[in-house]
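Worksheet: one structure, shown below.
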Amino acid sequence: MTAVTAEHTADTTHQAHFDAAVAADERIEPRDWMPDEYRSSLVRQMAQHAHSEIIGMQPEANWITRAPSLRRKAILMAKVQDEAGHGLYLYSAAETLGTSREELLDKLHSGRQKYSSIFNYPTLTWADVGAIGWLVDGAAITNQVPLCRCSYGPYARAMVRICKEESFHQRQGYELLLALSQGTPAQHDMAQDAVNRWWWPSLMMFGPPDEESAHSARSMAWKIKRHSNDELRQRFVDICVPQAEALGLTLPDPDLRWNEERGHHDFGAIDWDEFWQVLKGDGPCNEQRITQRRRAHEEGAWVREAAAAYAAKTASDKAERNEAQVEATA
Ligand code: FAQ
């Protein structure tokens with residue numbers, strides 16, 4: 001057998017193992033063989049997801065100093081800190097695919113990788129913190145619970161923990177909005193205004209319509225994604241309608257109504273031009289978000305250097321101790 005044929009046979013066997021594992025709902029682990037496109041598609045999605053978590057800290061962090069009570073401030077600080085943690089789990093999971101955190105951050109800072117469109121909208125009032133918790137975390141959970149069954153092990157495991165925390169976030173947003181909705185008329189109006197502004201961008205979080213989704217078909221065949229963008233968007237709308245009623249708030253869509261035949265709510269047309277414009281970098285806060293992220297990265301350089309120096313020192317101290325121990329027992 002020539003070298004080329006042997007290589008081809010090995011690749012075919014690997015591919016057959018991979019396909020069988022995916023078909024049997026087994027997990028693909030970092031040391032397993034995987035097609036190059038599977039690896040690169042995972043890096044793309046996981047990196048975007050990680051970037052979304054850390055850029056997503058900014059809109060809410062904007063309100064930490066102005067939270068209306070110590071209780072609300074403590075909750076908000078914990079939530080924003082959780083989002084940083086989610087970013088770290090996801091960067092670590094992406095690193096198991098052979099990329100590095102530096103490389104991913106560099107791609108974010110230079111605009112070569114995306115983050116979620118939703119974080120390019122401003123948080124104008126305190127009620128926006130509630131709307132983000134209820135709608136943005138709510139949409140994130142709807143999208144991410146199926147990712148707990150993603151075929152790639154490290155991503156699926158990271159998602160289990162993230163989803164538990166996101167569902168706590170969603171409840172705090174709902175509780176915050178409920179307090180405002182049942183408060184003074186001015187507070188109620190503030191809650192309604194926030195929902196009016198965050199509803200449509202939340203629906204865009206699920207990605208373009210299925211017929212325009214470049215990656216869905218392949219990602220679903222590989223069981224990275226388990227449902228299409230439109231399926232998850234519909235699920236989210238159906239969940240939100242009764243919740244909005246319980247909140248005493250209205251969803252800003254005159255076309256929203258129950259469709260008995262479909263067993264789902266119909267809803268109005270999404271402004272996809274706005275979505276693509278935000279993705280191109282022309283949303284209300286794109287410039288501000290990325291500038292702030294780059295600055296935070298530069299200002300944090302000394303922390304990374306100190307942590308690396310400490311890790312190197314701890315490792316060399318340990319090596320010296322081990323050597324001394326070996327000599328003492330020789
Ligand atoms: N924003 O072919 P598809 C959170 C891009 S985490 C920006 O349909 P795919 C927690 C897409 O990347 C929120 N870009 O793509 C939190 C692709 O571009 P590319 C993030 C978007 O991957 C809460 C192109 O459009 N969650 O909120 C968006 O099959 C509160 C074509 O799209 C995740 O990342 C968008 N909305 O499906 C934090 C979940 N949608 O790569 C702080 C994991 C699409 O070719 C506070 N990701 N694009 O240049 C996913 O499930 C998928 O990647 C989708 C997109 C569903 C987002």
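Just so you know, ligand 1 is whichever comes first in the structure, and atom 1 is the first atom listed for that ligand. As a basis for the values below, the full set of heavy atoms in this structure was taken, side chains included, without hydrogen atoms, waters or symmetry mates.
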TODO: Determine, using the 4.5 Å side-chain heavy-atom cutoff (strictly less than), whether L124 and I132 are members of one ILVMFWY cluster.
DONE: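 Result: no, two separate clusters.
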Give the contacting part of [X] toward ligand 1: side chain, backbone, both or neither, where contact means a heavy-atom distance below 4.0 Å.
{"X": "L279", "result": "side chain"}
{"X": "I118", "result": "neither"}
{"X": "S117", "result": "both"}
{"X": "Q45", "result": "side chain"}
{"X": "L232", "result": "neither"}
{"X": "Q58", "result": "neither"}

Does the side chain of [X] come under 3.5 Å of the side chain of [Y] through a donor N or O and an acceptor N or O?
{"X": "D128", "Y": "T125", "result": "yes"}
{"X": "T96", "Y": "Y155", "result": "no"}
{"X": "Q234", "Y": "D238", "result": "yes"}
{"X": "Q15", "Y": "D19", "result": "yes"}

Does ligand 1 have an atom under 4.0 Å from some heavy atom of [X]?
{"X": "E166", "answer": "yes"}
{"X": "E60", "answer": "yes"}
{"X": "H169", "answer": "no"}
{"X": "P208", "answer": "yes"}

Numbering as shown, the atoms of ligand 1 that approach [X] to under 4.0 Å (heavy-atom distance):
{"X": "M204", "answer": "36 (N)"}
{"X": "F206", "answer": "56 (C)"}
{"X": "E53", "answer": "6 (S), 10 (C), 16 (C), 38 (C)"}
{"X": "K79", "answer": "30 (C), 46 (C)"}
{"X": "G56", "answer": "42 (C), 46 (C)"}
{"X": "Y115", "answer": "1 (N), 7 (C)"}
{"X": "Y155", "answer": "43 (C)"}
{"X": "A214", "answer": "2 (O)"}

Can you pull out the closest protein heavy atom to [atom]? Residue, atom name and distance to 0.1 Å, please.
{"atom": "atom 3 (P) of ligand 1", "result": "S213 OG, 3.4 Å"}
{"atom": "atom 51 (O) of ligand 1", "result": "N143 ND2, 3.0 Å"}
{"atom": "atom 28 (C) of ligand 1", "result": "F275 CZ, 3.7 Å"}
{"atom": "atom 49 (O) of ligand 1", "result": "K114 NZ, 2.4 Å"}
{"atom": "atom 55 (C) of ligand 1", "result": "K225 NZ, 4.3 Å"}
{"atom": "atom 6 (S) of ligand 1", "result": "Q144 NE2, 3.5 Å"}

Any Lys/Arg nitrogen of [X] or [Y] sitting under 4.0 Å from an Asp/Glu carboxylate oxygen of the other?
{"X": "E60", "Y": "R72", "answer": "no"}
{"X": "K79", "Y": "D137", "answer": "yes"}
{"X": "E103", "Y": "K107", "answer": "yes"}

Open item on the list: If you take the centroid of each ring, where Trp contributes its six-membered ring, are Y174 and H169 closer together than 6.0 Å?
Closed with: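 No, the ring centres sit 6.0 Å or more apart.
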- [ ] On the 0 to 90° scale, with breaks at 30° and 60°, tag the W272-F275 ring pair as parallel, tilted or perpendicular.
- [x]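 The rings of W272 and F275 stand perpendicular, inter-plane angle above 60°.
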TODO: If the plane angle is over 60° it's perpendicular, under 30° parallel, otherwise tilted; pick one for W63 and W126.
DONE: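 It falls in the perpendicular class, over 60°.
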TODO: Take D317 and R321 through the test salt bridge (charged side-chain N to carboxylate O under 4.0 Å, His left out) and record every step on the way to the result.
DONE: CA-CA 6 Å; D317 287 353; R321 271 200 310 278; 5.4 Å; no
Task: Within 6.0 Å of CZ in R171, more than 12 heavy atoms from elsewhere - done: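 Counting neighbours around CZ of R171, 12 or fewer heavy atoms of other residues, nucleotides or ligands fall under 6.0 Å, so no.
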Open item on the list: Tell me whether E37 at atom CD has more than 12 heavy atoms from other residues, nucleotides or ligands lying less than 6.0 Å away.
Closed with: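 Counting other residues, nucleotides and ligands, CD of E37 exceeds 12 neighbours.
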Open item on the list: Under 4.0 Å and counting heavy atoms only, is there anything from the protein next to atom 35 (C) of ligand 1?
Closed with: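 True for atom 35 (C) of ligand 1.
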- [ ] Flag atom 24 (C) of ligand 1 as yes if some protein heavy-atom distance to it falls below 4.0 Å, otherwise no.
- [x]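 Under 4.0 Å from atom 24 (C) of ligand 1, zero protein heavy atoms found.
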Open item on the list: Can you check which of M205, H215, R44, Q113 brings a heavy atom nearest to atom 22 (O) of ligand 1?
Closed with: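 Going through M205, H215, R44, Q113 one by one, R44 has the nearest heavy atom to atom 22 (O) of ligand 1.
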Task: Contact check: W276 vs ligand 1, nitrogen or oxygen atoms, below 3.5 angstrom - done: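 Looking only at distances, the answer is no, because the N/O contact criterion of under 3.5 Å is not met.
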Task: Residues E274, K280; criterion salt bridge (charged side-chain N to carboxylate O under 4.0 Å, His left out); working and verdict - done: CA-CA 10 Å; E274 176 181 321; K280 268 193 262 145; over 6 Å; no
